[in-house]
Amino acid sequence: MNGHDLLTLGFPEGKIIGLALRAVSKAAEDGTPEMDIRRTLEALLNDPTSYGDDPLYGEVARLLIDYMTPSAQPNLQTYAPYAIWGKQGIDPGAITQMERAVRLPISVRGALMPDAHVGYGLPVGGVLATHNAVIPYAVGVDIACRMRLTIFDTTPHIMEQKRDKFRKLLETLTCFGTGQTWDTPRHHPVMDDPVWREHSLIGRFKDTAWKQLGTSGSGNHFVEFGSLSVNEPFALPSGQELATGKYLALLSHSGSRRLGFEIANHYTEIAMNKWASLPKDYQHLAWLDLNSGAGEEYWVAMELAGRYASANHAIIHEQIIDALRFDVLGGVENHHNFAWKEIIEGQTLIVHRKGATPAGEGFLGVIPGSMIAPGYVVRGRGKAESLFSAAHGAGRKMSRREAFGRFDWDALKRNLKRQNVELLSAGLDEAPGAYKDIEQVMAAQADLVTTLAEFQPRMVKMDGSTGKNYAPED
């Protein structure tokens, strides 16, 4: 018998199948006929409580009992403390979502960033510290979505001199859109990670992940060239000291593609089944105990998705760097949509940052604006009240549907021309007017980060497959 056979019988994916296969193998070695093994497995699924003390199937039975038994109604009457930055610019729905999150019995502290807006479960821009539990939808479906900035040892004026070359690089060396893949898969050591073999869920999506390696998603994901203006000298993670001045830079925003989506939805379903007693408004805040089999599995999967998302950016940047042949001074990379184990108030907590940038003391990050608004390289101030976090961007101020109805390409093209930005492709839902004012967001979190440099987009590539996309020839 193999894993597929166990799935067909009704065993849930993950650690349980691995343990069940081990028990099946031992039973077969002891001479038990396959038909008898199958009958035992069926009986085990039907009534795992009868096998709790079984020397061969006991551990499988105990995990099945935990998986199949819904938890009692949790106490949602007490609040963990939380703080808000830029409250006047945050819609009430996001604040309501934050107030639900801090009512969970696992919640210890929360924070809401100035770019916050409504999401699923935890609002985008929400930060939540929990005790020994992870909430898949407080991490998000695009696990480890991140920013990566590469800084070249040349001035941005080179773009004006060789605009056709830069345009061709973005058109040919990037790949955007839901489900999109490269015809020829790229290579990176992350695809040799043993977790692909050891984790039953992740292994199912390895081929797709490989084909999508080095690609970007839809929505607000982008790859863009721009001008980086350094306000004060600072050291890059590479050790290179960056002097004041203007530099050519490449900035990308993307995540873990379908892999992250599948992980998030699979473990959210498990969590929601476990906490079926939660009120409807709380269901996307269902959590997994990190001591449980599902919690352990999710954490391993999330961390691999993080390494995979970083590899995506590495491929994108390496391809463009190799084609440009300019010396690289270094770069900055940071991620959001993740959960970290951090020491908060003397105890180890799980810090979820859904659309929030880590901003510990001295930590470097990139906070983008929009396709025409500047982004910023920042250094974290290590503010404990914010759970050492900051905004991850300007943040949406209207839904995508509303943006499609309110904006038109003629007005956007005029705006792009005024700002000297060339847009190769995008959806109209990414029009700058759909976003908050990045300057107001940065002002609201001046106590969370120090601004070191300003990135001004000059040539932007996004997914243009929405049906309301920008066509350069129009």
Side-chain angles (χ1 to χ4, degrees), residues 14-15 80 82 97-98 100-113 116 119-147 195 199 201-202 255-257 259-272 274-275 282-310 333-345 347-360 363 365 380 384 386-392:
K15 186 176 182 179
Y82 75 101
Q97 286 189 316
M98 193 72 221
R100 289 194 197 106
V102 295
R103 283 189 174 196
L104 299 177
I106 57 171
S107 296
V108 179
R109 182 175 290 279
L112 198 58
M113 301 297 102
Y120 287 98
L122 192 67
V124 178
V127 186
L128 187 68
T130 61
H131 177 69
N132 200 46
V134 63
I135 306 169
Y137 257 40
V139 170
V141 294
D142 192 9
I143 297 172
C145 187
R146 65 188 57 220
M147 308 298 306
V195 175
H199 197 293
L201 177 70
I202 286 180
S256 51
R257 308 293 276 117
L259 175 66
F261 176 83
E262 296 289 352
I263 292 169
N265 285 308
H266 177 78
Y267 288 99
T268 293
E269 183 177 355
I270 293 175
M272 290 173 71
K274 182 70 176 175
W275 293 101
Y282 285 79
Q283 287 178 356
H284 283 103
L285 290 169
W287 65 90
L288 300 170
D289 189 307
L290 284 182
N291 291 334
S292 69
E296 292 175 357
E297 291 167 20
Y298 174 80
W299 195 267
V300 170
M302 179 195 71
E303 290 193 320
L304 177 64
R307 297 190 290 275
Y308 175 79
S310 182
E333 181 175 352
N334 62 271
H335 58 302
H336 44 271
N337 290 7
F338 209 69
W340 290 258
K341 292 180 180 179
E342 297 182 4
I343 304 298
I344 306 291
E345 298 178 348
Q347 58 180 323
T348 300
L349 299 177
I350 307 305
V351 180
H352 303 72
R353 293 186 177 93
K354 185 178 184 180
T357 298
F363 188 89
S386 73
L387 293 169
F388 310 103
S389 308
H392 83 310

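Here the structure is a predicted model, which is why all the values come from computation and not from measurement.
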With no hydrogens and no angle check, is any side-chain donor or acceptor of Ser107 less than 3.5 Å from a backbone partner on Arg103? no
Beyond-backbone contact of Val351 with Ile344, side-chain heavy atoms, under 4.5 angstrom: yes
pair Thr357-Ser389: side-chain heavy atoms closer than 4.5 Å: no
Between Ala339 and Val134 the two heavy atoms that sit nearest each other are CB-CG2, 4.2 Å
Are Val127 and Tyr82 packed together at the side-chain level, in the sense that at least one heavy-atom pair is separated by less than 4.5 angstrom? no
Does Trp287 have its ring centroid less than 6.0 Å away from the ring centroid of His352? no
Strictly distance-based, threshold 3.5 Å: is any side-chain N or O of Ser256 a donor or acceptor partner for the main-chain N or O of Ile143? yes
Would you compute the distance between atom NE2 of His392 and atom CE of Met113 and round it to the nearest 0.5 angstrom? 12.0 Å
Contacts table for residues 293-302: side-chain donor-acceptor under 3.5 angstrom, sequence neighbours left out:
from   : atom 1 : to     : atom 2 : distance (Å)
Glu296 : OE1    : Lys15  : NZ     : 3.1
Glu297 : OE1    : Tyr267 : OH     : 3.0
Glu297 : OE2    : Lys15  : N      : 2.2
Trp299 : NE1    : Glu303 : OE2    : 3.2

Do Glu262 and Arg257 sit within salt-bridge range, that is, some charged N less than 4.0 Å from a carboxylate O? no
Heavy-atom pair of closest approach, residues Gly126 and Ala356: O-CB, 4.4 Å
If you count heavy atoms of other groups shown closer than 6.0 angstrom to CZ of Phe363, is the number above 12? yes
Separation between NE2 (His336) and CZ (Arg353), nearest 0.5 Å, reads 12.5 Å
Rounding to 0.5 Å, atoms CG (Leu112) and OG (Ser386) come to a distance of 11.5 Å
Thr268 OG1 to Ile135 CD1 distance, which is reported to the nearest 0.5 Å: 10.0 Å
Passes side-chain contact (heavy atoms from CB on, under 4.5 Å), His199 versus Leu304? Steps please. CA-CA 10 Å; His199 197 293; Leu304 177 64; over 6 Å; no
Using every non-hydrogen atom in the two residues, find where Gly140 and Ala264 come nearest and quote the distance to one decimal. O-CB, 3.6 Å
Donor-acceptor check, side chain of Ser310 to backbone of Arg307, threshold 3.5 angstrom: yes or no? no
Point-to-point distance, once rounded to the nearest 0.5 Å, from CD1 of Ile263 to CD1 of Ile202: 4.5 Å
I need the minimum non-hydrogen distance between Leu288 and Pro136, along with the two atoms involved. CD1-CG, 4.1 Å
Nearest-0.5 Å distance, NZ of residue Lys341 to CD1 of residue Ile350: 5.5 Å
Work out which heavy atom in Val124 is nearest to a heavy atom in Gly355; give both atom names and the distance. CG1-CA, 4.2 Å
Which is it for Trp275 and Leu285 under the side-chain contact (heavy atoms from CB on, under 4.5 Å) test, yes or no, and what are the steps along the way? CA-CA 9 Å; Trp275 293 101; Leu285 290 169; over 6 Å; no
Distance-only polar pair, side chains of Thr348 and Glu342, donor-acceptor under 3.5 Å: no
Any side-chain to backbone donor/acceptor pair from Asn337 onto Asp142? Under 3.5 Å, distance only. yes
Heavy-atom side-chain proximity of Ile106 to Asn132 below 4.5 angstrom: no
Verify, without hydrogens or angle tests, whether His335 (side chain) and Arg146 (backbone) share a donor-acceptor contact under 3.5 angstrom. no
Is the CZ atom of Phe261 crowded by more than 12 outside heavy atoms at less than 6.0 Å? no
Would you check if the side chain of Lys354 reaches a backbone N or O of Leu122 as a donor-acceptor pair within less than 3.5 Å? yes
Heavy atoms of other groups near Gln347 CD, more than 12 under 6.0 Å: yes
